[in-house]
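So the structure is just underneath, and the comments pick up after that.
Everything numeric in this text was worked out from a predicted model, so none of it was measured.
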Amino acid sequence: MKRAVLVSLLATIVLSGCVTESNGRISRESPTDAAAYNYQLGVEYLRNGKLRQARERLESSVRQNPDVAQTHFTLAILYQRVDEPDLAGRSFRNAIRIAPNDAAVQNTYAIYLCGKRDFAEAERYFIRAARNPLYQTPAVALTNAGVCMREKPDLAAAEKYFRDALQVDGDFRDALLELALVKYETGNAMGARAFVQRLMAVGEPSAQALWLGWQVERELGDQRAADEFADELRERFPDSAEMRRIEQSG
């Protein structure tokens, strides 16, 4: 998303159009232009954590031009942040109605549906997003589908989606971590070790990855390898919750 352009607060935008001053002359802006200004301001307020002002601007933008999917989508994100899930769902559905082939909207709406435990509908939208040939990050939607199936829980379906994500992007870190977690949770410590090793090979490890590696090696009886994970966790993330768990384990 491009950085929003701040509009002078002197340019008061109202539903019927607004009057602004440019080069000493007064001109009327159309509701469409007013909606675009309000959207830009709303996004900037949202970025800065000014949620009340963001809401006012985005809701004004929707009233002024209700046919812009991105405005409904952004408003849905805001409604989620202020814990109004019903309004968020309505805005997501409006965005999808206007832009039915927008995979990013589908993926985010699916996350919302999963949070409401509507797993079947969430899975449907994740798949739609992943199959969209214009979507540049299908591994994200597939991994999200797997995470959602873990919440269901359906670990077999989750593993399938994580593997599908790796078929698209073999170095996708989130899918590697999730597969390692599934293997560990199902009692396959050797399988978990294999995915942790792949994860460690593709970039800087997260605290969660190091914590999982420590758990896996302890399960397999390799205390030296477990200590190496603990040492790296201590060096990289000394104040993390994962480090505290290791320290409290004795």
Side-chain angles (χ1 to χ4, degrees), residues 1 73 76-77 80-81 92 102-217 219 225 228-230 232-233 235-237 239-243 245-246:
M1 185 183 299
F73 176 67
I77 301 300
Q80 286 186 298
R81 288 187 58 179
F92 276 128
D102 190 321
V105 174
Q106 292 165 355
N107 177 65
T108 309
Y109 181 46
I111 294 171
Y112 161 83
L113 290 168
C114 190
K116 292 179 67 67
R117 302 191 68 79
D118 189 348
F119 298 115
E121 195 72 353
E123 186 176 16
R124 185 167 75 88
Y125 275 99
F126 282 131
I127 292 171
R128 283 177 61 180
R131 289 178 177 173
N132 189 325
L134 299 179
Y135 192 35
Q136 296 183 354
T137 56
V140 171
L142 291 167
T143 301
N144 285 339
V147 171
C148 190
M149 291 301 100
R150 281 186 66 206
E151 292 292 320
K152 190 177 178 178
D154 183 342
L155 294 184
E159 180 170 346
K160 176 185 180 301
Y161 281 121
F162 297 141
R163 290 187 180 276
D164 288 346
L166 291 175
Q167 286 293 317
V168 175
D169 181 354
D171 291 336
F172 191 55
R173 296 177 55 78
D174 290 344
L176 289 168
L177 176 59
E178 293 296 337
L179 262 174
L181 285 166
V182 167
K183 291 298 184 184
Y184 183 72
E185 290 169 0
T186 55
N188 185 351
M190 285 296 293
R193 172 190 270 173
F195 284 109
V196 169
Q197 288 174 343
R198 284 180 62 180
L199 182 60
M200 298 295 288
V202 297
E204 298 294 325
S206 65
Q208 188 179 11
L210 293 169
W211 158 247
L212 178 59
W214 179 81
Q215 291 179 288
V216 167
E217 295 304 334
E219 182 72 20
E228 289 176 356
F229 277 109
E232 187 166 0
L233 183 60
E235 180 181 347
R236 292 178 180 273
F237 308 101
D239 299 321
S240 64
E242 290 82 1
M243 190 66 245
R245 292 192 192 107
I246 290 179

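- For the pairing with Phe126, the side chain to side chain contact (heavy atoms under 4.5 Å, CB included) check across Leu142, Val147, Thr143, Ile111 returns one residue only, Ile111.
- In terms of heavy atoms, Gly146 sits closest to Ala158 at O-CB, 3.3 Å.
- Atom CD1 in Ile77 sits 4.0 Å away from atom CZ in Phe92 (nearest 0.5 Å).
- Taking CD of Gln215 as the start and CD of Glu242 as the end, the distance is 9.5 Å to the nearest 0.5 Å.
- The shortest non-hydrogen separation linking Ala189 to Val216 is O-CG1, 3.5 Å.
- Counting heavy atoms from C-beta outward, Leu212 and Tyr184 have side chains that approach closer than 4.5 Å.
- Although no hydrogens or angles enter the test, the distance criterion places no donor-acceptor pair under 3.5 Å between the side chain of Arg163 and the main chain of Leu179.
- Ion pairing between a basic and an acidic side chain is recognised when a charged N comes within 4.0 Å of a carboxylate O; Arg236 and Glu204 show such pairing.
- Proximity of a side-chain donor or acceptor of Arg173 to a complementary backbone N or O of Leu199 within less than 3.5 Å is detected.
- With rounding to the nearest 0.5 angstrom, the CD atom of Gln208 is 11.0 Å from the CZ atom of Phe237.
- Contact of the Phe162 side chain with the Leu181 side chain is not registered, since no non-hydrogen atoms from C-beta on lie closer than 4.5 Å.
- Here the shortest heavy-atom pairing between Ala141 and Tyr135 reads CB-CE2, 4.0 Å.
- The structure places CG of Leu155 at 10.5 Å from NZ of Lys183, a figure rounded to the nearest 0.5 Å.
- Glu121 contributes atom CD, which lies 6.0 Å from atom CG of Leu113 (distance to the nearest 0.5 angstrom).
- Side-chain contact between Phe229 and Val196 is present, with heavy atoms from C-beta onward closer than 4.5 Å.
- Contact check for Phe172 versus Glu178: no side-chain heavy atoms found under the 4.5 Å cut-off.
- Looking only at side-chain heavy atoms (C-beta outward), Asp171 and Arg198 stay at 4.5 Å or farther from each other.
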key: salt bridge (charged side-chain N to carboxylate O under 4.0 Å, His left out) assessment of Glu123 paired with Lys152   = CA-CA 11 Å; Glu123 186 176 16; Lys152 190 177 178 178; 5.2 Å; no
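- Of all heavy-atom pairs between Asn107 and Ala129, the closest is N-CB, 4.0 Å.
- Between Pro205 and Met200, the closest heavy-atom pair is CB-SD, 3.6 Å.
- Taking all atoms of both residues into account, the shortest heavy-atom contact from Val182 to Thr186 is O-OG1, 2.8 Å.
- Under the 4.5 Å side-chain criterion, counting only non-hydrogen atoms from C-beta, Met149 is not in contact with Lys160.
- Formation of a donor-acceptor pair under 3.5 Å by the Thr108 side chain with backbone atoms of Val105 is not found in this model.
- Ring orientation note: the planes of Tyr125 and Tyr109 are nearly perpendicular, at an angle over 60° on the 30°/60° scale.
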